[in-house]
Amino acid sequence: MRYDRKNYVDKLLRKRNNGLVKVVTGIRRVGKSFILNELLREKLIEGGFNKENIISFSFDSAFDLEKIGEDLLDIKEKNRKVDPHKFLPFIRELTKGEGPYVLLLDEIQELGNFEAVLNGYLRQNNVDVYVTGSNARTLSRDVSTEFGKRGDEIKVYPLSFSEFYEHSDLGSQKALNDYLRFGGMPTVANCGSDEEKAEELNGLLEKIYLRDVIVRNGVNNEAGLSALLDIMASNVGSPTNPKKIADSFQSKEKLSLSQATISKYLEYFENAFLLEQCARYDIKGKGYIETPKKYYFEDLGLRNSRLRFRQFDEGHLFENMVYLELSRRGYAIDVGTLFHSEPNHNGNYVRKEIEVDFVARKGDKEIYIQCCNTLPEDEKEKVEKRGLIKIGNSFKKILLVNKEIPHFYDPDGILTLGVFDFLLSEDSIERY
């Protein structure tokens, strides 16, 4: 099955010849290379660009590395980078004409001193540069520091439900159940049976992602790293911090892992695009709360695979899916927190904390979203909406329900929105 990833291709086309390095990031096997080397290439050629002037090079391809006299096995064995002195003359020869040229460079973090190399191309007016990479810290840091304002990052996520459903022959509810269980990695979506999907997910996680984290960061305590990922999978969307996790290690895992090591390993998972961190935001006080934070998996199937598909807690998976969809649509997301006083049974006022699942921001828009796995009845509905009502400002407030229901506004101005309206309409939370 071929997915056209139109959202990402359109973004890249809008950024053509903008004088910036277009940096396409995302977890390995999410389709970054396919987006650049197949989909973007096709669109450029359809638009009249000379295909001979589109130059592709992958820094983790044995075939491409042979062209510049490099050996992939030697690079892996010595844990070194590709020599830029071998790469530069090769590209210089291919771009010696007037151009214009397009460079499509895959897994750029494997090239030594890639920042300096790319900065050199920024001084060539006839070269438009697009690169991919699979390490968040390296690329995000260098886009913002080495390139200054001359780097432009586009993050690629696994297939959205809309992309998945467009090519599915399943009914909407069955397709959603399948998506919540197996996620949106393109290679997984193209598998036939559930057994094949589970096997593919396990292979991606064990043989590629975890191995990459261990090798890239020189992790010695592989058992501790693996156990930490198990804990994060079991507690997806739950407030946590290194101390709480360390306590869990001692009581459940029978392993000792320091808070500092846990913090470091969590950073490794984030850098590899396995996990995303979501900070807590005091809505009334307009400030961030340092701890605890929430973590979400960048693909639901990888989370479920880690737990051998035994812990299918639909409410947390629904919340994780909503987080990913909002991120994919370009929203900056926090977990909302409200503090207020209310009387206890003795009539004394006590300070209470109410959580709003997500505060989503884009430009001057701010939207508050509470996720609900089923359409709540009277008393439960009051509890679910309590935080939204107490916010009190004029920004949009949404109760997002994991059911197919017609959207409606209640007397408090809160929009109740069903899951398919939300997932299948890109502008759903703004339009209704």
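As a basis for the values below, the full set of heavy atoms in this structure was taken, side chains included, without hydrogen atoms, waters or symmetry mates.
Atom-to-atom distance recorded for F182:CZ and L300:CG is 12.0 Å, nearest 0.5 angstrom. Taken from CG in D60 to CD in E110, the straight-line distance is 6.5 Å, to the nearest 0.5 Å. For the atom pair K264 NZ and S258 OG, the distance stands at 7.5 Å (nearest 0.5 Å). Atoms CG and CE, on L423 and M321 in that order, are 4.5 Å from each other to the nearest 0.5 Å. Rounding to the nearest 0.5 angstrom, the gap separating the CG atom in D299 from the CG atom in N304 is 9.0 Å. To the nearest 0.5 Å, the span separating CG on N402 from CG on N373 amounts to 4.5 Å.
Between the K293 side chain and the E290 main chain, a donor and an acceptor come within less than 3.5 Å of each other. No donor-acceptor distance shorter than 3.5 angstrom exists from the side chain of R306 to the backbone of I231, with no hydrogens or angles considered. Between the N320 side chain and the Y296 main chain, no donor and acceptor come within less than 3.5 Å of each other. In this structure, the side chain of K22 engages the main chain of L20 through a donor-acceptor pair within 3.5 Å. When atom types are taken as modelled, the side chain of K396 and the backbone of Y432 share a donor-acceptor pair closer than 3.5 angstrom.
Heavy-atom neighbours of K6 NZ from other residues, nucleotides or ligands within 6.0 Å: at or below the threshold of 12. Counted within 6.0 Å of NZ on K243, heavy atoms from surrounding residues, nucleotides or ligands total 12 or fewer; the atom is thus considered open. Residue K11 qualifies as enclosed at atom NZ: its count of foreign heavy atoms under 6.0 Å is above 12. More than 12 heavy atoms of other residues, nucleotides or ligands shown are found within 6.0 angstrom of CD on Q277.
Considering only heavy atoms from C-beta on, H407 stays 4.5 Å or farther from S428 through its side chain. The side-chain heavy atoms of I429 and L326, taken from C-beta on, include a pair separated by under 4.5 Å. Using a 4.5 Å heavy-atom threshold, the side chains of Y295 and E270 count as touching. Residues D128 and P100 form no side-chain contact, since every pair of their non-hydrogen atoms from C-beta on lies 4.5 Å or further apart. Using a 4.5 Å cut-off on side-chain heavy atoms (C-beta onward), L12 and I35 make contact. Residues R29 and M185 are in side-chain contact: their nearest non-hydrogen atoms beyond the backbone lie under 4.5 Å apart.
Of all the heavy atoms in Q109 and T132, the pair that sits closest is OE1-O, 4.1 Å. Considering every non-hydrogen atom in both V213 and V219, the closest pair reads O-CG2, 4.0 Å.
Note on ring orientation: taking the six-membered ring where Trp is involved, the planes of H167 and Y3 are perpendicular (angle over 60°, cut-offs 30° and 60°).
By the side-chain contact (heavy atoms from CB on, under 4.5 Å) test, F395 is found to be paired with E366, Y368, N393, residues two or more places apart in sequence or in another chain being considered. By the ring-ring contact (aromatic ring centres under 6.0 Å, His included) test, Y165 is found to be paired with F161, residues two or more places apart in sequence or in another chain being considered. Judged as a side-chain contact (heavy atoms from CB on, under 4.5 Å), and not counting sequence neighbours, the contacts of D64 are F57, S58, S61, K67. The salt bridge (charged side-chain N to carboxylate O under 4.0 Å, His left out) search around R14 returns none, not counting sequence neighbours. Applying the side-chain contact (heavy atoms from CB on, under 4.5 Å) criterion to K403, with sequence neighbours excluded, gives T374, V401, I405. For R328, the salt bridge (charged side-chain N to carboxylate O under 4.0 Å, His left out) partners at least two apart in sequence or on another chain are E325, E426. Listed by chain and residue number, nothing satisfies the salt bridge (charged side-chain N to carboxylate O under 4.0 Å, His left out) test with E195 (two or more places apart in sequence, or in another chain). In this structure, R310 has no salt bridge (charged side-chain N to carboxylate O under 4.0 Å, His left out) partners at least two apart in sequence or on a different chain. Applying the ring-ring contact (aromatic ring centres under 6.0 Å, His included) criterion to Y409, with sequence neighbours excluded, gives no partner residue. Qualifying ring-ring contact (aromatic ring centres under 6.0 Å, His included) partners for Y288, counting only residues two or more places apart in sequence or in other chains: Y281. Partners of R80 by side-chain contact (heavy atoms from CB on, under 4.5 Å), not counting sequence neighbours, listed by chain and number: E70, D74, I75, K78.
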Item to check | Worked check of side chain to side chain contact (heavy atoms under 4.5 Å, CB included) between I245 and L266 | outcome: CA-CA 11 Å; I245 297 171; L266 288 174; 4.2 Å; yes
Checklist entry - Checking side chain to side chain contact (heavy atoms under 4.5 Å, CB included) for the pair K15/Y130: CA distance, chi angles, key distance, verdict? => result CA-CA 10 Å; K15 296 173 184 293; Y130 302 76; 5.8 Å; no
Item to check | Derivation of the ring-ring contact (aromatic ring centres under 6.0 Å, His included) call for F87 and F59 | outcome: CA-CA 10 Å; F87 173 70; F59 292 99; 4.9 Å; yes
Checklist entry - Should L400 and V419 be marked as a side chain to side chain contact (heavy atoms under 4.5 Å, CB included) after you check the CA-CA gap, both sets of side-chain angles, and the distance that decides it? => result CA-CA 7 Å; L400 190 54; V419 61; 5.9 Å; no
Checklist entry - What's the verdict on salt bridge (charged side-chain N to carboxylate O under 4.0 Å, His left out) for K155 and E298, showing C-alpha distance, side-chain angles and the deciding distance? => result CA-CA 12 Å; K155 182 173 179 183; E298 293 221 4; 2.6 Å; yes
Checklist entry - Could you walk me through whether N37 and S56 pass the side chain to side chain donor-acceptor pair (under 3.5 Å) check? => result CA-CA 7 Å; N37 295 309; S56 298; 3.0 Å; yes
Next on the checklist: D282 vs T337, test: side chain to side chain donor-acceptor pair (under 3.5 Å). Steps then yes/no.
Outcome noted: CA-CA 5 Å; D282 183 347; T337 299; over 6 Å; no
Item to check | Full working for side chain to side chain contact (heavy atoms under 4.5 Å, CB included) between R308 and N202 | outcome: CA-CA 9 Å; R308 299 294 185 266; N202 188 56; 3.6 Å; yes
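Ionic pairing of R329 and D427 is not present here: no N-O contact between side-chain nitrogen and carboxylate oxygen is shorter than 4.0 angstrom. We find that K294 and E319 are joined by a salt bridge, their nearest charged nitrogen and carboxylate oxygen being less than 4.0 Å apart. By the 4.0 Å N-to-carboxylate-O rule, R28 lies close enough to D212 to be salt-bridged with it. A salt bridge is defined here as a Lys NZ or Arg NE, NH1 or NH2 lying under 4.0 Å from an Asp or Glu carboxylate O, and E353 with R280 meets this definition. Between K397 and D412, none of the side-chain N atoms (NZ, or NE/NH1/NH2) sits under 4.0 Å from a carboxylate O, so this pair counts as no salt bridge. A salt bridge does not link E42 to K51: none of the charged side-chain nitrogens sits closer than 4.0 Å to a carboxylate oxygen. Salt bridge annotation for R303-D313: present, with a cationic side-chain nitrogen under 4.0 angstrom from a carboxylate oxygen.
Contacts classified as salt bridge (charged side-chain N to carboxylate O under 4.0 Å, His left out) and involving residues 169-184 (residues at least two apart or in different chains) are given here: D178-K197.
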